[in-house]
Number of protein chains: 2
Amino acid sequence: MTSSETSKKSGDSATKTRTGEAKPLGARARARAEVTAAIKDEARRQLADEGAAKLSLRAVARELGMVSSALYRYFPSRDDLLTALIVDAYDSLGAAAETAHARAVRAEAKPRERWVAVCRAVREWALAHPHEYALIYGSPVPGYTAPQTTVGPASRVGLLLITIVREAVQGPGVHVPRMDEALRDEAERLAADLAPDLPPAVVAALVAAWSQLFGLVSFEVFGQFNRIVEDRPVFFEHAVSQLALGVGLMDD
Amino acid sequence: MTSSETSKKSGDSATKTRTGEAKPLGARARARAEVTAAIKDEARRQLADEGAAKLSLRAVARELGMVSSALYRYFPSRDDLLTALIVDAYDSLGAAAETAHARAVRAEAKPRERWVAVCRAVREWALAHPHEYALIYGSPVPGYTAPQTTVGPASRVGLLLITIVREAVQGPGVHVPRMDEALRDEAERLAADLAPDLPPAVVAALVAAWSQLFGLVSFEVFGQFNRIVEDRPVFFEHAVSQLALGVGLMDD
DNA sequence: GCAAAGCAAGAGCAGTGCTCTCTTTTCAGA
DNA sequence: TCTGAAAAGAGAGCACTGCTCTTGCTTTGC
């Protein structure tokens, strides 16, 4: 079954040689990409079914009709598979947030509405993919080593929030929040690193709001709101709307 | 303290004679309590070393010089051991927070200072016990079933925050935050469940702040602030101080 | 004193991550 | 076009895991 598939893949790739385009990505590389994707898909399926703890390389291989040792040609360890899923999850969440933002921009929504739209997208993605969410915002699963590959995708939501505030500054303006004297140095450092064009107090509030957004989402996804908060969407929207106020996004 | 709790599963409530007098807990029950505690201690040690994913019943038994099957007399499964550790972690965190609160009260600190003191205690406990923190506020580890035993200890920090605000109401008073019309029903439900004597808008803000506090702590403990926030204590204190403002705790 | 319950030990089952060897398939350079 | 290297799959095997079952031994309550 697997052998027939592989041979089929290599067979239809022969048609491609005719075009001879710049980087035709040979049949072998093509097959490798497909198998890699299939492994990740199946792993994601098991992840959604049972959670990261129960994800088993052998079970993935079994389901794909290959022997477990073959899988190690694609991912050198279970943790590497998990890392790949983590990167994909960050990308998926980031894309969802960016799509929501783009839609809000297209609808000419006010800054605060854009903020809420992005937060809502984060929440809905998390509820739709709870185990993937747990992978990236829950306890660090492997022996705790966040590879460098994750830092880019991981920051997409944060960058989006910065963008919203930045555009608000150029528009109707933001109300710069009050800030303790003790925070000055740290706030200036944060602003220099993340958004030199924004007031330090705003950047500091932004970072705090960023983590607090995921506090709200995590509590809902991880069940901490069970038997406490009933109307979760309304509660969430109100909370993130207050968060927007905290970073200085006014109504107009 | 937890000895009566731990024995509830095996149902050794034979200690209650018809007199109902508290029995001095025979040698066997005593040994059982000691072994149970030793198992949990060793498990906690391994938890701190390697994290929940690597916690192994066999390794715990090996370290204690007993055979793995013997351990099942005390905990019917690995998940039950984890559940016991979860309950203990909630209790430990709750105790740390309550101690900090009591100290602040004794020092006649103002409500907002009490709030900050409790938040600081939560953060410091989490940084001191990252893996135990991950157990209770990270991804749900087992097949996701939070037993009823956990709800009591789990709410200690939340109750403490409510207490602080309640006492502030009786003192210099709180500034009731603005609230959307859409949130009214939910806020009233929350207030009825959690603190009927407080304004619904305050209770809703309280629940949000509660989750946001753990968002801040989780981001720090789980490494999301790495290479972003440098002066973590100052940043944290400022953020939770703003949180206190959000629930209406004024300076005086 | 005795039956019942509690407990430790050991064997064993099914499953896991991972490594090693061996064979087959594919691809690129002479 | 042929050939040798690289890539891939198959299978056996190691050390480990959670968990169950059976076998003896000890403590306990009547």
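Letters A, B, ... are given to chains in the order of the sequence lines, protein chains preceding strands, and every chain is numbered from 1. Source: prediction; values computed, not measured.
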At a cut-off of 3.5 Å, list every protein nitrogen or oxygen paired with a nitrogen or oxygen from nucleotides 17-19 of chain C, distance to 0.1 Å.
{"residue": "C/dG17", "atom": "OP1", "partner": "A/L57", "partner atom": "N", "Å": "2.7"}
{"residue": "C/dG17", "atom": "OP2", "partner": "A/L57", "partner atom": "N", "Å": "3.1"}
{"residue": "C/dG17", "atom": "OP2", "partner": "A/R58", "partner atom": "N", "Å": "3.0"}
{"residue": "C/dG17", "atom": "N7", "partner": "A/R58", "partner atom": "NH1", "Å": "2.4"}
{"residue": "C/dG17", "atom": "O6", "partner": "A/R58", "partner atom": "NH1", "Å": "2.8"}
{"residue": "C/dC18", "atom": "OP2", "partner": "A/Y72", "partner atom": "OH", "Å": "3.3"}
{"residue": "C/dC18", "atom": "OP2", "partner": "A/R78", "partner atom": "N", "Å": "2.7"}
{"residue": "C/dC18", "atom": "N4", "partner": "A/R58", "partner atom": "NH1", "Å": "3.4"}

What is the distance from [atom1] of [X] to [atom2] of [N], rounded to the nearest Å?
X     : N      : atom1 : atom2 : answer
B/L64 : C/dA9  : CG    : P     : 11 Å
B/R30 : D/dT28 : CZ    : P     : 13 Å
A/R73 : D/dG9  : CZ    : C1'   : 7 Å
A/E34 : D/dG9  : CD    : P     : 12 Å
B/R32 : D/dT28 : CZ    : P     : 14 Å
A/M66 : D/dG9  : CE    : P     : 4 Å
A/L71 : D/dG11 : CG    : P     : 15 Å
A/R62 : C/dA14 : CZ    : P     : 13 Å

Less than 4.5 Å apart, side chain to side chain, heavy atoms only: is that true for [X] and [Y]?
X      : Y      : value
B/Y137 : B/V217 : no
A/F75  : A/T83  : no
B/L216 : B/L243 : yes

(message) Run the salt bridge (charged side-chain N to carboxylate O under 4.0 Å, His left out) test on B/D231 and A/R189 for me, step by step, so that the C-alpha distance in whole Å, both residues' side-chain angles and the decisive distance to 0.1 Å come before the verdict.
(response) CA-CA 10 Å; B/D231 195 339; A/R189 190 164 26 219; 5.1 Å; no
(message) For a quick check of understanding: with a heavy-atom distance under 4.0 Å over all strands, which category does A/Y74 fall into, base, sugar-phosphate or nothing?
(response) sugar-phosphate
(request) With sequence neighbours excluded, give me every salt bridge (Lys or Arg N to Asp or Glu O under 4.0 Å) pair touching residues 120-133 of chain A. (result)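 Only A/R120-A/E237, A/R123-A/E220 qualify under salt bridge (Lys or Arg N to Asp or Glu O under 4.0 Å).
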(request) Look at B/R45 together with B/D49 and state whether they make a salt bridge at an N to O cut-off of under 4.0 Å. (result)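 Between B/D49 and B/R45 there is a salt bridge, with a charged N closer than 4.0 Å to a carboxylate O.
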